[in-house]
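Whatever order the structure lists ligands and atoms in, that order sets their numbers, starting from 1.
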Amino acid sequence: MSAEQLPDKKGFFGPYGGQYIPDQLKDIMNDISHEYDMLREDPDFIEELQSLYRDYVGRPSPIFEAKRLTENSGGAKIYLKREDLNHSGAHKINHTLGEVLLAKHMGKKKVIAETGAGQHGVALATAAALLGLECDIYMGEVDIAKEHPNVVRMKILGAQVIPVSHGLKTLKEAVDAAFEAYVKDPITQLYAIGSVVGPHPFPMMVRDFQAIVGKESREQFLEKTGALPGHVVACVGGGSNAMGIFTGFLDDKSVNLYGVEPAGLSFKEGEHAATISKGTPGILHGFFSYLLKDEKGEPAPVYSVASGLDYPGVGPQHSYLKDIGRVNYETAGDKEAIDAFFKISRLEGIIPALESAHAVAYAMKLAASLSKDETILINLSGRGDKDIDFVVEKYGEQYGVVL
Ligand SMILES: *Cc1c(COP(=O)(O)O)cnc(C)c1O
């Protein structure tokens, strides 16, 4: 079955995905699904989204040959797909624009979501401002204190940031609170999920909105080098930037694909978020996929130095691609990611997001194991402005940054 034919009508990628939600929500998800099925074929919707990608986001993002990083790694040539150059600084704007445009076409007044580090919140608030919808972002009080610049950005953009003060006051509680608010009024609001996760149709829709990255990459790489890349590498949190770039190459059997999960500090419970590498299948947030569980079978606590990667689940299509052996799932730890963060900053003048630094870390190792005539394309999912204060405070001295 070719890549675009998945998922099936019920939202399954093999055994993964689906809709494990109350019946009341099934009706709502099916409405969204129905509307999306029409819009994805509608030339006006397609043109509206494409023109926003072009004139607002600044697409296509370039592919850049990282010559000094290549030389330093020793081996395959490394290229970067520059999603860090998108308006608002990461790949997330590709799917939030799609989601908010969908909401607008459905006559919704408001988009709502949770956010952890605030990246999804900012990307959604950006798209909502542009398209004139209200935006409510649920955020744990602990995260609000930690992620001050993103809270300020969301408020400047006109979003309401709603503090969540129960439990651990972080992402999981924020998901619960956003979900509760959504169930109360699913008619005037759309819950805009932040990655290729959640019940059908979100894993499919978010993938489709991100697929522009893979489509551009394939064309650009062919044009630039006369061939397809031998290897494509992307970091995996929920898995949206990886699914975006992989979708362009799934049917090209010569292209090796690598998803890089965060190994954090160690593979002890609570010290990593390598869901596919270390998890087992289960249900979380309305879908069936690989999942990190504690001994009771509940979602395990997770950690990564990159807060955009610390999710105990993963998009269902990744689970399927793992099982059929189409994508290799690898890991990079905090230390390797920080090292890669400084390397690419100092060798290329590009400060990457800590999430993207995980892909860079693995790609450098991979490059060293390959010959000079091979090529690697990294999806550089975002820029690192959001991370600089944290990195310098915690690791600056080790890397000679003295303030
Ligand atoms: C949120 C984020 C990620 C992780 O999300 P995916 O859905 O796995 O792509 C990766 N990179 C950046 C820059 C992010 O903001």
* To do: List for me each residue that meets side chain to side chain donor-acceptor pair (under 3.5 Å) alongside E114, sequence neighbours excluded, and say none if there are none.
  =>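 Side chain to side chain donor-acceptor pair (under 3.5 Å) check on E114 returns Y191.
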Can you pull every nitrogen or oxygen pair between ligand 1 and the protein closer than 3.5 angstrom?
unit_1	atom_1	unit_2	atom_2	d
ligand 1	7 (O)	S195	OG	2.6
ligand 1	7 (O)	G239	N	3.2
ligand 1	7 (O)	S240	N	2.7
ligand 1	7 (O)	S240	OG	2.7
ligand 1	8 (O)	G237	N	2.7
ligand 1	8 (O)	G238	N	3.2
ligand 1	8 (O)	G239	N	2.7
ligand 1	9 (O)	H91	NE2	3.1
ligand 1	9 (O)	S240	N	3.4
ligand 1	9 (O)	S240	OG	3.2
ligand 1	9 (O)	N241	N	2.8
ligand 1	9 (O)	N241	ND2	2.8
ligand 1	11 (N)	S381	OG	2.7
ligand 1	15 (O)	K92	NZ	2.6

* For E83, the option from R383, R59, K92, H91 that meets side-chain hydrogen bond (donor to acceptor under 3.5 Å, both in side chains) ->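 When R383, R59, K92, H91 are each tested with E83, the side-chain hydrogen bond (donor to acceptor under 3.5 Å, both in side chains) holds only for R59.
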* **Pairs satisfying ring-ring contact (aromatic ring centres under 6.0 Å, His included), at least one member in residues 19-46, at least two apart** =>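 Every ring-ring contact (aromatic ring centres under 6.0 Å, His included) pair that includes a residue of residues 19-46, provided the two are not neighbours, is Y36-F209, F45-H105.
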* **cation_pi(K278, F267) dist<6.0 Å, angle<=45** =>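 Yes - K278 lies over the ring of F267, closer than 6.0 Å to its centre and within 45° of its axis.
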* How would you list, by chain and number, every residue that makes a ring-ring contact (aromatic ring centres under 6.0 Å, His included) with Y53, sequence neighbours excluded? ->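 Partners of Y53 by the ring-ring contact (aromatic ring centres under 6.0 Å, His included) criterion come out as none, since no residue qualifies.
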* To do: Decide whether D136 and Q189 meet the rule of one side-chain donor and one side-chain acceptor closer than 3.5 Å.
  =>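 No, Q189 and D136 have no side-chain donor paired with an acceptor closer than 3.5 Å.
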